[in-house]
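Following: one structure in structure tokens, then a few remarks.
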Amino acid sequence: GHRRMGGYAEQIVIRAAECARKPTSLSFEEAASVPLAALTAWDALVDACKVGEGDRVLIQAGAGGVGTFAIQLAKARGAEVLTTCSARNVEHVRSLGADVAIDYHTSDYAEIAKDCDAVLESIGGEHIDRAIRTVRRGGTVAVISPGLPTFSKRHGPVLGVFVLAGQILRWTIGARLSRGVKVKLVTRKARGHVLRELATLIDQGTIRPVVDRV
């Protein structure tokens with residue numbers, strides 16, 4: 001998040017506004033898993049989608065790093081949470097608070113999750129079009145991964161960026177004009193005050209990081 005490299009450094013200079021104290025209830029390894037994924041989930045759900053009490057929210061890839069935080073954050077804000085995952089992760093995402101777990105191998109998530117107030121889209125490509133159709137008229141789609149690797153593979157690394165930029169413009173304008181849907185491209189920002197809010201939720205037991213391995 002910050003502009004200086006140094007993940008293995010003993011000391012580093014960093015802007016104070018980007019920092020927050022480690023949650024007291026977490027180990028250092030658990031705490032290290034929080035900023036990248038949890039800030040992304042916050043920027044998508046809180047800042048971009050304004051998720052609140054009673055909202056119906058679809059979170060793509062609920063068993064992933066961003067997804068595990070997003071499920072818990074959306075539930076903490078009073079939302080009904082639907083999420084996609086593989087069959088082996090159904091119980092896992094439910095344990096995090098998901099109300100509906102959709103096996104994307106066997107089910108059409110766009111049909112099950114239709115009329116959502118917000119969608120956190122993390123897959124990209126054609127799934128952004130599906131997310132726009134899934135969200136209700138006037139809803140919001142927060143895109144955290146527009147699918148650059150797919151466009152680069154198809155058109156080359158340079159042309160792929162321009163093609164993707166044009167596609168994002170089409171999605172944004174088309175969705176707004178046709179259904180009043182807001183498509184927001186989310187880039188995570190390093191913000192200490194948000195990390196402090198997340199630390200409070202973690203120490204309260206509202207949110208817990210899920211560490212796959214160390």
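We're numbering straight along the sequence, starting at 1.
- Both L45 and L96 belong to a single network of hydrophobic side chains, linked directly or stepwise wherever heavy atoms of I, L, V, M, F, W or Y lie under 4.5 Å apart.
- Separating the CG atom in D117 from the CG atom in D55 is a distance of 4.5 Å, to the nearest 0.5 Å.
- Pairs engaging residues 197-214 under the salt bridge (charged side-chain N to carboxylate O under 4.0 Å, His left out) rule: none recorded [sequence neighbours left out].
- The hydrophobic clustering, which links ILVMFWY residues whose side-chain heavy atoms are closer than 4.5 Å, places Y104 and I123 apart.
- With hydrogens and angles disregarded, no donor-acceptor distance shorter than 3.5 Å links the side chain of K22 to the backbone of F28.
- A heavy-atom distance below 4.5 Å is not found between the side chains of V135 and T140.
- A distance of 12.5 Å separates NE2 of H193 from CD of E18, quoted to the nearest 0.5 Å.
- Nearest heavy-atom pair across A44 and A48 is O-CB, 3.2 Å.
- No continuous path of hydrophobic side-chain contacts links I128 to V186 [ILVMFWY only; heavy atoms under 4.5 Å].
- No side-chain donor-acceptor contact under 3.5 Å links R94 to the backbone of V100.
- In this structure, I144 is not a member of the same hydrophobic cluster as L82, with clusters built from ILVMFWY side-chain heavy atoms closer than 4.5 Å.
- In this structure, C49 SG and K184 NZ are separated by 7.0 Å, a value rounded to the nearest 0.5 Å.
- Between D43 and V46, the closest side-chain pair of non-hydrogen atoms is not below 4.5 Å.
- Between L195 and C19, every side-chain heavy-atom pair lies at or beyond the 4.5 Å cut-off.
- Listed by first and then second residue, the side chain to side chain donor-acceptor pair (under 3.5 Å) pairs that reach into residues 44-53 are D47-R191, sequence neighbours excluded.
- Among pairs with a residue in residues 159-173, those fulfilling salt bridge (charged side-chain N to carboxylate O under 4.0 Å, His left out) read D129-R170, at least two apart in sequence or across chains.
- Here CG of L198 is found 7.0 Å from CG of L73. Values are rounded to the nearest 0.5 Å.
- Cluster membership for L185 and I173, using ILVMFWY side-chain heavy atoms within less than 4.5 angstrom, is not shared.
- For the residue pair V57 and A79, the shortest heavy atom distance occurs at CG2-CB, 3.9 Å.
- Pairing each heavy atom of A131 with each of V119, the nearest pair is CB-CG1, 3.9 Å.
- No donor-acceptor pair under 3.5 Å is formed between the side chain of E30 and the backbone N or O of S33.
- In the model, Q60 has a side-chain atom that pairs as donor or acceptor with a side-chain atom of Y109 under 3.5 Å.
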Return all side-chain donor-acceptor pairs below 3.5 angstrom for residues 34-41, not counting sequence neighbours, or 'none' if the list is empty.
from, atom 1, to, atom 2, distance (Å)
T40, OG1, L36, O, 2.7

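- At least one side-chain heavy atom of V183 sits less than 4.5 Å from a side-chain heavy atom of V143.
- With contacts defined as side-chain heavy-atom distances shorter than 4.5 Å, the pair C116/R136 does not qualify.
- With R77 contributing its side chain and V51 its backbone, the two residues share a donor-acceptor pair below 3.5 Å.
- From E80, atom CD reaches atom CG of L58 across 10.5 Å, with rounding to the nearest 0.5 Å.
- Taking the charged nitrogens against the carboxylate oxygens, D103 and R88 have no contact shorter than 4.0 Å, which rules out a salt bridge.
- The minimum heavy-atom distance between R137 and S178, with the atom names listed, is NH1-O, 3.3 Å.
- The list of side chain to side chain donor-acceptor pair (under 3.5 Å) pairs with a residue in residues 63-75, not counting sequence neighbours, reads K75-D99.
- Using a 4.5 Å cut-off on side-chain heavy atoms (C-beta onward), V81 and I59 make contact.
- For the atom pair CG of L120 and OG of S145, the computed distance is 11.0 Å after rounding to the nearest 0.5 Å.
- Between V93 and C85 the shortest heavy-atom distance is CG2-SG, 3.9 Å.
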- Message: Under the criterion salt bridge (Lys or Arg N to Asp or Glu O under 4.0 Å), I'd like the reasoning laid out for D115 against R56: C-alpha separation, chi angles, the key distance, then a yes or no.
- Response: CA-CA 8 Å; D115 296 326; R56 180 176 165 90; over 6 Å; no
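- Residues that satisfy the side-chain hydrogen bond (donor to acceptor under 3.5 Å, both in side chains) test with T206, not counting sequence neighbours, are absent from this structure.
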